[in-house]
Amino acid sequence: MTIIQSVLLGIVQGLTEFLPVSSSGHLAILENIFHVETDGGMLFDIMLHIGTLVVVFVVYRRDIWKMIRETIFMIGDAFYNLRIFTLNKIHKTSLKYKKMIRNSYRKFVLLVLISTIPTAVIGYLGKKLISDAADTLLIPGICLLITAVLLLMADTVQEGNKLPRQTGVRDALVIGLAQGCATLPGLSRSGTTIAVCLLCGLDRRFAVKYSFILSIPAILGAAVLEVGDVIGEPITASQVGIYAAGMISAAIVGYICIKTMLLVVRNKKFIYFSVYCATIGVIAIGAHFLL
């Protein structure tokens, strides 16, 4: 892989990770059509995702910091409640427990954890299927058409008003299942999760925040699963530099794109991305049978 190819793929990753058009689908299509050899692609994919992951931390740093802080406090409350439970059992007392979920950020942490469970299960069990799906143009093409339909539904769904306090466990599970399915190349992770969030009645601004913060454990989990494969890859110092160029370009472009998504969702402009995904999907399916 050349540095130009790395930067190009990084730009594609940054554009498509946050815009609802499927980063994995576009990367799979580019690599299949142009026969790009990533020379140890697992590490390159991980570095691209780290680049976009950094963007999420930067944009939502205040929310993420509050969620981390509340998680630490919840762990402390859990130990406190365990102590109270023990005392009540031993001394037959009725000491009161601390309420674990007592503000919006604690509820948000709980929702993200619940959503992550089905995502992790699907990602782990379907790892081989997902990898094989990226080796053909047909699956990404079909999944891009599905993404187009989901985006159309997101534009036409009735306005929701659910914030963390109003969002339930069932909503979190459905959103997590959607993100798990979106590991297939061509199904946009952001597009699928935002669309499902809106279909569950979430507030549009909260739907975007939920989708992008939910990507953090998903990306970290995928990276952990791929670490074993990366260790066995022969990587040279020059390749690491080339990969780093792709990671930086993904981060820069991703930062620009994530800032536009709130406007897109708020103004119901998914129709343009829907048409784009449908077009690229048809092209990919056609290329599968012609090439």
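- The salt bridge (Lys or Arg N to Asp or Glu O under 4.0 Å) test applied to Arg106 returns Glu70, Asp77, not counting sequence neighbours.
- More than 12 heavy atoms of other residues, nucleotides or ligands lie within 6.0 Å of OH in Tyr97, so this atom counts as buried by the packing criterion.
- Atoms CE and CG, on Met100 and Leu110 in that order, are 9.5 Å from each other to the nearest 0.5 Å.
- Of the possible donor and acceptor atoms, one in the side chain of Thr193 sits under 3.5 Å from a partner among the backbone N and O of Arg189.
- Partners of Lys128 according to the salt bridge (Lys or Arg N to Asp or Glu O under 4.0 Å) rule, which considers only residues two or more places apart in sequence or in another chain, are Asp132.
- Side-chain atoms of Thr167 come within 3.5 Å of backbone atoms of Leu163 as a donor-acceptor pair (strictly under, hydrogens ignored).
- A pairwise comparison of heavy atoms in Thr116 and Pro217 identifies OG1-CG, 3.4 Å as the closest pair.
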Please set out all donor-acceptor pairs under 3.5 angstrom arising from side-chain atoms of residues 252-264, sequence neighbours excluded.
from, atom 1, to, atom 2, distance (Å)
Thr260, OG1, Cys257, O, 2.6

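- In terms of modelled atom types and a separation under 3.5 Å, the side chain of Asn88 and the main chain of Leu95 share a donor-acceptor contact.
- Taken from CE in Met153 to CG in Leu198, the straight-line distance is 10.5 Å, to the nearest 0.5 Å.
- Shown here for Pro164 and Leu111, the closest heavy-atom pair between the two residues is O-CD1, 3.9 Å.
- By the salt bridge (Lys or Arg N to Asp or Glu O under 4.0 Å) test, Lys268 is found to be paired with Glu159, residues two or more places apart in sequence or in another chain being considered.
- Note: Phe108 and Tyr210 have tilted aromatic rings, judged against thresholds of 30 and 60 degrees for the angle between ring planes.
- With sequence neighbours left out, the side chain to side chain donor-acceptor pair (under 3.5 Å) criterion links Ser94 to no other residue.
- For Lys209, the salt bridge (Lys or Arg N to Asp or Glu O under 4.0 Å) partners two or more places apart in sequence, or in a different chain, are Asp63.
- Heavy atoms of other residues, nucleotides or ligands lying less than 6.0 angstrom from CZ of Arg102 number more than 12.
- Counting only distance, with no hydrogens or angles, the side chain of Thr147 and the backbone of Val21 share no donor-acceptor pair below 3.5 Å.
- Counted within 6.0 Å of CZ on Arg69, heavy atoms from surrounding residues, nucleotides or ligands total more than 12; the atom is thus considered enclosed.
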